[in-house]
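What you see is a predicted model; the values in this text were computed from it and never measured.
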Amino acid sequence: MDFREDPNAQAVEVWEPEGATYYNGELILQPRQHWTREQQLELIDWHPMFTGRCPRCSAEFDRDWSARVHWDCQNPECGWMDDTV
């Protein structure tokens, strides 16, 4: 009985524009995705962040990914560089 709607309460508008969200009363615009869903799924298949291996020479990357910013291959014979960032 305590959770019934109050018939005398004023309606609260819960509207947000598409591509934005209110956070603590401030309107925050969501960043635009520059990759399609298909491109994002393809990235999971080959990027070292997800596979742990270089896409060109299959050299294994160090597993300390928490501090890694660049995903360039350390194999001097390969030279693959991550240009997705």
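Taking the six-membered ring where tryptophan is involved, the planes of Trp80 and Phe61 are perpendicular, since the angle between them exceeds 60° and thus also 30°.
Shortest non-hydrogen contact noted between Trp35 and Leu43 is CZ3-CD2, 3.3 Å. Of all heavy-atom pairs between Arg53 and Glu60, the closest is NH2-OE1, 3.5 Å. Closest approach of Ile44 to Phe50, counting heavy atoms only: O-CB, 3.5 Å.
To the nearest 0.5 Å, atom OH of residue Tyr23 and atom CD1 of residue Ile28 are 9.0 Å apart. Of the inter-residue distances, the one linking Cys78 atom SG with Arg56 atom CZ reads 5.0 Å to the nearest 0.5 angstrom. Annotation: the span from Cys54 atom SG to Met81 atom CE amounts to 12.0 Å, rounded to 0.5 Å. Here Gln30 contributes atom CD and Glu18 contributes atom CD; the two are 11.5 Å apart, rounded to the nearest 0.5 Å.
Side-chain contact between Pro17 and Leu27 is present, with at least one heavy-atom pair separated by less than 4.5 Å. Residues His47 and Asp82 have side chains in contact (heavy-atom distance under 4.5 Å, counting atoms from C-beta outward).
For CD of Glu16, the number of neighbouring non-hydrogen atoms (other residues, nucleotides, ligands) closer than 6.0 Å is greater than 12.
Distance alone, capped at 3.5 Å, places no donor-acceptor pair between the Asn24 side chain and the Glu26 backbone. Put simply, the side chain of Gln74 gets close to the backbone of Asp72: a donor and an acceptor are under 3.5 Å apart.
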